[in-house]
Protein chains: 2
Amino acid sequence: MAATIKDVAKRAGVSIATVSNVINGSRRVSPELKKKVQKAIEELGYQPNPFGRALRKGESSTIALLIPDRSNPFYAQIAWGVEEQARRYGYALITCHTDEDPGLEEFYVSSLLHRRVAGFVVAPTSAGRDTLSPILRRGVPLVLVDRVIEGLPVDQVSSDNEGGAYMAIRHLLQLGHRNIGVLSGVEDISTTQDRIRGYKKAFAESGLPLDESLIAPGCSQIEEGAAAAESLLLSGEVTAIFSINNMMTLGALHSLKKLGLRCPEDVSLVGFDDSEWAAVMTPGLTVVAQQSYELGYLAGALLFRRLKRRPKPPKPRTVKLRTILIIRESTAEPREPLSGKLAARGSSVVANL
Amino acid sequence: MAATIKDVAKRAGVSIATVSNVINGSRRVSPELKKKVQKAIEELGYQPNPFGRALRKGESSTIALLIPDRSNPFYAQIAWGVEEQARRYGYALITCHTDEDPGLEEFYVSSLLHRRVAGFVVAPTSAGRDTLSPILRRGVPLVLVDRVIEGLPVDQVSSDNEGGAYMAIRHLLQLGHRNIGVLSGVEDISTTQDRIRGYKKAFAESGLPLDESLIAPGCSQIEEGAAAAESLLLSGEVTAIFSINNMMTLGALHSLKKLGLRCPEDVSLVGFDDSEWAAVMTPGLTVVAQQSYELGYLAGALLFRRLKRRPKPPKPRTVKLRTILIIRESTAEPREPLSGKLAARGSSVVANL
DNA sequence: CATTTGGTGTAAAACGTTTTAAAATGGCGG
DNA sequence: CCGCCATTTTAAAACGTTTTACACCAAATG
């Protein structure tokens with residue numbers, strides 16, 4: 001059906017090799033032949049068959065994107081940026097969701113490697129150092145996005161997570177909060193660690209004491225966030241909560257609602273990651289916003305830079321994007337100790353989403 | 001590097017063709033040879049090279065998914081279902097976002113066809129009838145999801161949109177609302193039309209008069225929804241709003257907040273599509289929920305059914321999934337006419353997100 | 001016994017490229 | 001006029017499959 005390179009060659013009255021050279025610019029071709037070939041291509045509407053090319057070159061014009069959490073719109077933004085770049089360069093994008101599961105990540109890596117994708121953009125799970133190693137071993141270009149891995153010799157793009165958390169906590173401290181609970185994220189990933197570091201840094205700098213027991217292990221899902229927030233709130237010790245990601249912020253809201261606590265009157269809340277609903281809620285949520293689209297766009301750019309300069313790979317680059325504290329209505333000065341508020345309702349409440 | 005079919009053949013002491021036959025089951029192979037071949041495959045860890053196969057068969061084990069709106073989590077759920085199916089069948093999934101732009105849709109269709117994807121799952125833009133026609137012309141399997149197109153001879157999976165809207169409006173009517181505004185969706189797509197039909201049906205059945213001017217052209221983005229909601233609210237005529245999709249519900253919330261109106265005291269609000277934030281907001285949103293994951297999962301199932309029964313294509317099937325009305329707190333009986341509430345603030349407010 | 005028939009196996013062609021190695025062309029100095 | 005080099009072109013080999021067409025053999029048929 002579709003025209004092949006052979007048809008083009010015949011029509012232009014040249015050899016197949018010449019056509020190939022014109023298309024790929026791999027060799028000098030005299031201007032006259034070049035013109036003839038281009039005319040033939042035009043007339044036939046010829047497009048090189050991707051499989052023939054892929055078979056010969058051992059690689060297809062396809063890149064892969066690995067995303068750890070499909071419910072978090074933050075990653076949808078990152079994917080947007082990567083997709084934009086892929087389109088720019090005429091590559092197809094295979095997007096896979098690992099759902100924080102190293103096993104699934106491993107599966108996808110091996111299956112995509114076998115498919116000979118040209119490169120990877122990955123926001124790794126906690127086991128990334130291991131699961132991604134086959135990519136490096138095969139010498140396939142890899143860019144890490146959002147979550148970085150110390151010492152891995154690849155391009156890495158992330159936000160200034162420590163700085164973001166630092167700003168958020170300083171904001172709460174300035175308002176007068178002293179007991180600030182944290183809904184922590186997935187362990188063993190850089191974003192969680194960096195944000196916790198920012199939290200501690202703000203306390204250290206202010207000279208105020210920090211109660212490590214207020215750092216509740218959350219994770220990444222709504223239910224987990226809700227449970228963690230609930231136990232934090234029921235302890236009656238905190239006047240503010242810092243939620244380390246989008247989804248857990250929703251969980252915290254759920255718990256507040258369930259316990260009949262009002263925000264910011266009873267508890268202040270700061271989230272990490274802005275989102276479309278964060279602005280329109282009542283109260284509007286104070287959040288640390290990342291430049292999520294830009295994260296993806298930049299990661300894509302770095303990947304293609306590497307793909308284009310194939311023979312001489314550039315030195316791995318690490319980029320950190322600024323974060324922004326958006327103050328809305330969910331944070332205010334603490335009013336009264338929380339414990340009184342809760343006394344009436346007992347402590348046997350169980351999360352039920 | 002990786003083993004080829006040739007290596008397997010040599011190791012098993014058979015011909016290449018035999019190995020191929022064992023792998024694909026395309027011909028009978030004697031048990032003894034079969035065993036030998038399988039052993040060789042095992043030992044070498046052989047996996048057929050996808051490009052060789054694709055080149056020969058003119059098609060790769062890859063399917064494409066076209067999504068019209070990247071910000072709406074509803075579509076992320078659909079994508080989840082499709083991805084699950086793709087994994088099940090060992091296919092890769094290329095996901096592209098058209099952003100409601102027929103031009104982009106056309107571009108992706110042509111580029112994916114040229115890539116020889118094995119099939120498409122598409123939630124089409126308003127121009128779907130035209131932009132998708134090249135797929136049919138080439139005889140590539142296609143499944144429509146969420147938005148259907150009348151008379152197109154392909155599998156189609158959607159929700160009972162009319163029924164969902166009908167339930168929502170009946171709920172509002174039963175509460176006593178008579179002037180119900182609608183934030184309408186993208187024109188010329190089935191979901192919008194069906195939901196509007198449900199709206200009208202509920203009115204018709206109740207015998208109450210319907211004011212067509214309360215159907216405000218929204219579209220699909222937050223800003224559009226906010227503007228439409230604002231003009232509806234400023235008219236002072238409505239006591240309830242039915243928002244036809246997720247994103248516009250957020251827009252409506254934005255307008256409510258901006259105008260200082262409370263929900264449900266001043267205005268009741270019903271949205272289409274449930275979401276993670278809808279439940280935890282204050283007030284919790286009353287919504288018509290779709291089985292979004294299932295939509296995608298089913299669409300994928302239908303696509304692979306068609307791919308597997310290639311020589312004799314089955315009759316196109318149309319599936320409609322039940323919708324559910326989830327009543328939360330954003331809908332209540334109307335209290336006082338809205339016009340009084342708004343009199344104090346004038347009508348020169350402009351959307352500013 | 002000669003000839004089909006049906007079941008297994010294989011060599012070789014084909015899919016559409018890119019690239020290597022060799023051939024043709026043309027200009028130039030000897 | 002010949003040989004030599006530089007430049008441009010091309011034929012052919014490869015990439016790894018699937019599939020067609022044929023070869024082989026044993027059993028069944030006439």
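In what follows, chains are A, B, ... by sequence order, proteins preceding strands, each numbered from 1.
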Item to complete: From the options D/dT18, C/dT10, D/dT9, select the nucleotide whose nearest atom is closest to the side chain of B/Ile5.
Response: D/dT18

Discussion item. Closer than 3.5 angstrom, by distance alone: can the side chain of A/Asp7 be matched with the main-chain N or O of A/Thr4 as a donor-acceptor pair?
Written reply: yes

Worksheet entry | Rounded distance in Å - CZ (A/Phe51) to P (D/dT18) | 14 Å

Worksheet item: Does C/dT18 have OP1 or OP2 sitting under 4.0 Å from an N or O in the side chain of A/Ser20?
Response: yes

Discussion item. Just N and O in the side chain of B/Ser30: are any of them under 4.0 Å from OP1 or OP2 of C/dG7?
Written reply: no

Worksheet item: Hey, is the main chain of A/Ser26 close enough, under 3.5 Å, to the side chain of A/Asn21 for a donor-acceptor pair?
Response: no

Practice prompt. Mark yes or no for whether A/Arg11, through its side chain, and A/Ala9, through its backbone, hold a donor-acceptor pair below 3.5 Å.
Written response: no

Worksheet item: Whole-Å distance between D/dG16 P and A/Lys57 NZ?
Response: 16 Å

Worksheet item: How long is the line joining CZ of B/Arg116 and C1' of C/dG16, in whole Å?
Response: 10 Å

Worksheet item: Would you say the base of C/dT17 and the side-chain of A/Arg56 have a donor-acceptor pair closer than 3.5 Å?
Response: no

Worksheet item: Where the side chain of A/Thr18 is defined as all heavy atoms beyond and including C-beta, which of C/dT17, D/dT9, D/dG16 is the nearest nucleotide?
Response: D/dT9

Worksheet item: Could you state the CZ-C1' distance from A/Arg115 to D/dG16, rounded to the nearest angstrom?
Response: 16 Å

Worksheet entry | Aromatic ring pairing A/Phe304/A/Tyr89, orientation class (parallel under 30°, perpendicular over 60°, tilted between) | parallel

Fill in: Atom-to-atom span, CZ of B/Arg27 to C1' of C/dG7 - whole angstrom
11 Å

Worksheet item: Of A/Asp69, A/Asp146, A/Thr95, which meets side chain to side chain donor-acceptor pair (under 3.5 Å) against A/Tyr75?
Response: A/Asp146

Item to complete: For A/Asn21 and D/dT8, give me the distance from atom CG to atom P, rounded to whole Å.
Response: 12 Å

Practice prompt. Would you kindly give the NZ-to-C1' distance between A/Lys35 and D/dT9, to the nearest whole Å?
Written response: 19 Å

Worksheet, complete the sentence: When rounded to whole Å, the CG to C1' distance for the pair A/Leu44 and C/dG16 reads 15 Å

Worksheet item: Do the side-chain N or O atoms of B/Asn49 get closer than 4.0 angstrom to the phosphate oxygens (OP1, OP2) of D/dC15?
Response: no

Practice prompt. Select one nucleotide: of C/dT10, D/dC15, C/dT18, the one nearest the side-chain heavy atoms of A/Leu55.
Written response: D/dC15

Worksheet entry | Residue-phosphate contact under 4.0 Å: A/Asn24 side-chain N/O, C/dT18 OP1/OP2 | yes

Worksheet item: Can you tell me if the side-chain N/O atoms of B/Arg28 get under 4.0 Å from OP1 or OP2 in C/dT8?
Response: yes

Worksheet item: Do any side-chain nitrogens or oxygens of A/Arg53 fall under 4.0 Å of OP1 or OP2 in C/dT18?
Response: yes

Practice prompt. Look at all strands and tell whether A/Ile16 reaches a base, only sugar-phosphate, or nothing, counting heavy atoms closer than 4.0 Å.
Written response: base

